[in-house]
Student: 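Would you mind keeping the following structure in view while I ask a few things?
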Amino acid sequence: MTIVTRFPPSPTGFMHIGTARTGLFNWLYAKHHKGKMRFRIEDTDRARHSEAAVDAIINGLKWLEIDWDGEIISQYACGPRHTEIAHELVKRGEAYYCYCSPEELEVMRESAKTEGRLSFYDRRWRDSKATPPAGVKPVIRIKAPLSGEVIVNDKVQGEVKLNAEQLDDFIILRSDGVPTYMLAVVVDDHDMGVTHVIRGDDHFNNTFRQNIIYKAMNWTIPVYAHLPLILGPDGAKLSKRHGATSVEEYRDMGYLPEAMRNYLLRLCWSHGDDEIISTEQAIEWFDFDGIGKSPARFDFDKLNFINAHYMKLADNKRLVDLSMNILKLSGHPYSPNTEKYLLSAMDELKTRAKNLAALIEDARIYWITGEISMDEKALANYDEAGKAIVKKIAEALKTLTSFDVATIETTCKSIAESEGVKLGKVMMPLRAALTGSTSSPSLFHAIEILGQEEVLKRIQN
RNA sequence: GCACCCAUCGUCUAGCCCGGCCUAGGACACUGCCUUUUCACGGCGGUAACUGGGGUUCGAAUCCCCAUGGGUGUACCA
């Protein structure tokens, strides 16, 4: 039997980090078992629907380099089939029409609340022979079991039992004829041949309800795996106030997709002491037994560490291209030679930064143009004595006939010696003059990369 | 409120299912030293946890119960 998982996001306008994690796990599980992952857009909410929102999800997935099998299915487009099944269920005696008004339901809901019951609908139309009220469009409700225990077998959570009293005869077809989510998911998953449902734990309670539909249709219940949720650093639901929550934000900060995958994988899943896990290894190792049961907090520090690791491994040209995008995104004016400089300096730059936005910041010496504005610390280094030293360096550099790292270094060191100061006393003013800051990559390298003419011009300014 | 789930360093986790090998391991973060033209990187160290209380047992992080804390769900949303 081929294993079929699914990725069913609802188009909200961006791709949440939790959605990405679920997608990754579905993808890894399918890959591990040489199965397939289907892609379905849960676009039944027409009010919120937009093509741009769908694109955001697709782009997010593509950026993460997660692929899927077959066409993208629109849940909305499957509406007629959902309706058909709803009526089929009525025909089979597994569902029925309910003519309750919103007011009636509100009364039931209130009394359920005061009595501390979870289910509230009193099933008054379940086996009613009464004449339906005129002019009322009914909903269709499923017949939930009246007593006993309902059991969900979950690959992560284990066997979970629920008393049938907790279950309502929930609505599967609204009065306007639009199917509900509960019905649509089951029908789509069945029609798409989904064998394994891997999703967030927030869906767990739905599972009991969805199984009622599976049973009523006599369909095979899929294997379930409910993943613990990803929380914010403070343990509360991950939201915007914690910082970036969408994958595109991480992309734009210059995180690498392979790093994102590795980090997300390690939330709620482990393989012994392994931390750095390539996608190939992940596919080989991924299975349900490595998934933990408790929710995990999103930790930006660890993501940074993982990203820094993958940046060191990444191809220089690729990093230059990505950095240029980020530089453009930042809106800073930059030197026309930036790309060339970055390529020469990338070996060093990529070992220093946690992400590409930080890399660009660190690499300012390679892109700044015009007058350099110094920060406070730089200014302190660029005092009268500093200025004098920088002037001396400029004069010395001017006379060099060979402009390489070794010669530049020797030149600077001999100036320090003749001045009777430590090398730092020479380099810091120069750094201030060249970068406007007190931290930068190795100046010897940078000076070589920029070239004699450019460096002298900058010192002049 | 009710229902379900979870509970090891600040964080991610190993160990738990099949009690002794656990004076609880790894990683991030933090921190000390080394390296160093700055800031980083890197190398070598350090601090730091079994939520509490009852059982069961010769023995419990590991099994059971209760408490507490946290999460999720409770729609004619998805």
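Computed from a predicted model, the values in this text were never measured in an experiment. Convention: sequence-line order gives letters A, B, ...; per-chain numbering from 1.
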Student: Under a 3.5 Å cut-off for both distances, is B/C41 Watson-Crick or wobble paired, and to whom?
Tutor: none
Student: Could you state the atom-to-atom distance from CG of A/Asp299 to C1' of B/G26 in whole Å?
Tutor: 15 Å
Student: Which nucleotide in the set B/C4, B/U38, B/C28 lies at the smallest distance from any side-chain heavy atom of A/Ser442?
Tutor: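 Selected nucleotide (nearest to the side chain): B/U38.
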Student: Has the side chain of A/Asp202 got a donor or acceptor that lies under 3.5 Å from a partner of the other kind on the base of B/G73?
Tutor: no
Student: Counting only side-chain heavy atoms from C-beta out, which of B/G71, B/U13, B/U38 sits nearest to A/Leu231?
Tutor: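 Nearest listed nucleotide: B/G71.
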Student: Check every atom of B/A78, B/U38, B/A27 against the side chain of A/Phe305 and return the nucleotide holding the closest atom.
Tutor: B/A27
Student: Please report the distance separating the C1' of B/A27 from the corresponding atom of B/A49, rounded so that it comes out in whole Å.
Tutor: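 So the two C1' atoms sit 15 Å from each other.
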Student: Under the side-chain contact (heavy atoms from CB on, under 4.5 Å) rule, what do A/Phe25 and A/Leu264 come out as? Steps first, then yes or no, please.
Tutor: CA-CA 9 Å; A/Phe25 279 31; A/Leu264 257 16; 5.8 Å; no
Student: Checking all strands, does A/Asn206 fall into the base, sugar-phosphate, or nothing category for heavy-atom contacts under 4.0 angstrom?
Tutor: base
Student: Nearest to the side chain of A/Glu275, which nucleotide is it out of B/C12, B/A78, B/C39?
Tutor: B/C12
Student: Would you call A/Lys350-A/Asp315 a salt bridge at under 4.0 Å N-O?
Tutor: no
Student: Yes or no on ring pair (Phe, Tyr, Trp, His ring centres under 6.0 Å) for A/His196 and A/Tyr29, after CA distance, side-chain angles and deciding distance?
Tutor: CA-CA 9 Å; A/His196 289 64; A/Tyr29 191 78; 5.1 Å; yes
Student: Report the base-pairing partner of B/G69 (Watson-Crick or G-U wobble, both distances below 3.5 angstrom), or none.
Tutor: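 B/C6 - that is the nucleotide pairing with B/G69, both distances being under 3.5 Å.
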Student: Does any nucleotide pair with B/G1 by Watson-Crick or G-U wobble geometry, both distances under 3.5 Å, and what is it?
Tutor: B/U74
Student: Among the candidates B/C76, B/C5, B/A29, find the nucleotide nearest to the side-chain atoms of A/Asp301.
Tutor: B/A29
